[in-house]
Amino acid sequence: MLPALIFVILVTQIPFAITIVISFMKWNAAYPDDISFGTLRNYITVFTDADLLRAVFVTVGLTVSVVLVSAVLGLAIALLLDRRFIGRGFVRTLMITPFLIVPVAAALLFKHAIFNPSYGLVNGLLTTVFGEAAPQPDLMSTYPLLGIGIVLVWQWTPFMMLIMLAGLQSRPMDVYEAALVDGAGPGQTFRFITLPHLRRYIELAALLGTIYIVQNFDTVFTMTSGGLGTANLPYVIYQEFFVAQDYGVASAVGVIVVIASLIIATFALRTASTLLKEENS
């Protein structure tokens, strides 16, 4: 384990420690002669600056909504794919495909091929169904956060589905047989047997999804470049570091994102540990 541990420390922990140090520094590349250490100004800026606070709310709102919708859709699809039908393996492979696509490619696909108001699929379908008088919405201009959310839901629903499908296939079938013998219907078995069994899997899927979605940068950068009120915390880090070149503020935002991710990851690991204990028992 020692070589792997040393590698992880060199690659992750030392850069993170350096980031923490920089987060307490007044360091802007535009003022190379005005660098100082030992200030909380960067963290105060994060929690008082209007643009940074807006990015916090965008990150929280986008993450919560995407995780909730993806979890519900993932559960519904998992329940359908758990049934036996011809071509089930092929359909499962198709359902996993969105999760395997590069995020930038998925964002470009939706931005130009689906949401574009001139030649996109959405407006093309509206014209086909309702004729020339059909409305031609420009989703990326009027509701850009909704467009980003749709792309993230499309990509992360398969991830949720996989975890929940694994939970469905591990459920004890003898309990269902006993419930059917006692006269329980589909709704009762789902409510009192399936959902309690899937609770840990749903929690794990939601927590892992939250860890990844809260760090999403590719979709926001590709679809809106942080404009129209869509800038989240990862995009703010990029903007502060590479555009404003305020290394102190960028590092402070990064530390906050990492701490939040660690807190979520702790709950995810506890959930996974509980699942393993239940499987062993």
Side-chain angles (χ1 to χ4, degrees), residues 63-110 113-115 121-122 124-125 128-129 147-213 216 218-219 268-269 271-281:
T63 302
V64 171
S65 58
V66 169
V67 168
L68 286 177
V69 175
S70 299
V72 173
L73 290 178
L75 176 60
I77 296 172
L79 289 171
L80 292 175
L81 293 182
D82 187 55
R83 299 172 177 270
R84 294 186 178 275
F85 57 89
I86 299 175
R88 183 173 64 169
F90 178 70
V91 174
R92 286 181 179 178
T93 304
L94 288 180
M95 293 304 303
I96 298 170
T97 302
F99 183 63
L100 304 178
I101 295 178
V102 178
V104 173
L108 288 173
L109 171 68
F110 274 84
I114 297 179
F115 293 151
L121 177 64
V122 173
L125 289 175
T128 302
V129 175
I148 293 173
I150 291 174
V151 177
L152 292 175
V153 167
W154 180 76
Q155 278 207 293
W156 286 97
T157 296
F159 174 79
M160 305 285 187
M161 180 267 294
L162 279 176
I163 295 178
M164 296 179 194
L165 184 60
L168 284 172
Q169 293 183 343
S170 67
R171 66 190 189 275
M173 298 308 298
D174 55 337
V175 178
Y176 284 85
E177 294 172 0
L180 293 176
V181 171
D182 290 339
Q188 292 174 315
T189 55
F190 176 75
R191 178 182 176 183
F192 295 107
I193 300 177
T194 304
L195 273 184
H197 174 74
L198 287 179
R199 182 176 65 86
R200 294 291 185 185
Y201 294 89
I202 295 173
E203 291 176 359
L204 180 61
L207 288 169
L208 291 177
T210 301
I211 291 173
Y212 289 107
I213 294 170
N216 179 269
D218 310 66
T219 307
L269 290 173
T271 304
S273 177
T274 304
L275 279 174
L276 291 174
K277 289 179 180 177
E278 289 180 353
E279 292 293 334
N280 290 333
S281 62

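A pairwise comparison of heavy atoms in M164 and I202 identifies CE-CG1, 4.0 Å as the closest pair. Nearest heavy-atom pair, L75 versus L198, reported as atom, atom and distance to 0.1 Å: CD1-CD1, 3.6 Å. In this structure, D82 and R88 approach most closely via the heavy-atom pair O-NH1, 3.3 Å. Between V67 and G209, the shortest heavy-atom contact is CG2-C, 4.2 Å. Across all non-hydrogen atoms, the minimal contact from L168 to T194 is CD2-CG2, 3.7 Å. Considering all non-hydrogen atoms of both residues, V153 and S70 come closest at CA-OG, 3.6 Å.
Around atom CZ of F90, no more than 12 heavy atoms belonging to other residues, nucleotides or ligands sit under 6.0 Å away. Within 6.0 Å of atom CG in L100, more than 12 heavy atoms from other residues, nucleotides or ligands are found, so the atom counts as buried in its surroundings.
The closest donor-acceptor contact from the side chain of Q155 to the backbone of A106 lies at 3.5 Å or more, if one exists at all. Of the possible donor and acceptor atoms, one in the side chain of H197 sits under 3.5 Å from a partner among the backbone N and O of G167.
Between L73 and M161 there is no side-chain heavy-atom pair separated by less than 4.5 Å. Taking 4.5 Å as the limit, every side-chain heavy atom of M95 sits out of range of all side-chain heavy atoms of P158. Looking at I150 and F115, their side chains come closer than 4.5 Å, going by heavy atoms from C-beta outward. Between W154 and I101, the closest side-chain pair of non-hydrogen atoms falls below 4.5 Å.
Taking the six-membered ring where tryptophan is involved, the planes of Y212 and W156 are essentially parallel, since the angle between them stays under 30° and well short of 60°.
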Practice item. Would you sort out whether F159 and L208 count as a side-chain contact (heavy atoms from CB on, under 4.5 Å), showing the intermediate values? Key: CA-CA 9 Å; F159 174 79; L208 291 177; 3.7 Å; yes
**Study point:** Evaluation steps, side-chain contact (heavy atoms from CB on, under 4.5 Å), between F85 and V91
**Key:** CA-CA 10 Å; F85 57 89; V91 174; 3.9 Å; yes
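Atom CZ of R200 is separated from atom CG of L204 by 10.5 Å, given to the nearest 0.5 angstrom. I77 contributes atom CD1, which lies 6.0 Å from atom OG1 of T157 (distance to the nearest 0.5 angstrom). Separating the CZ atom in R92 from the CG atom in L80 is a distance of 11.5 Å, to the nearest 0.5 Å.
A side chain to side chain contact (heavy atoms under 4.5 Å, CB included) with V151 is found for exactly one of D218, V66, T219, namely T219.
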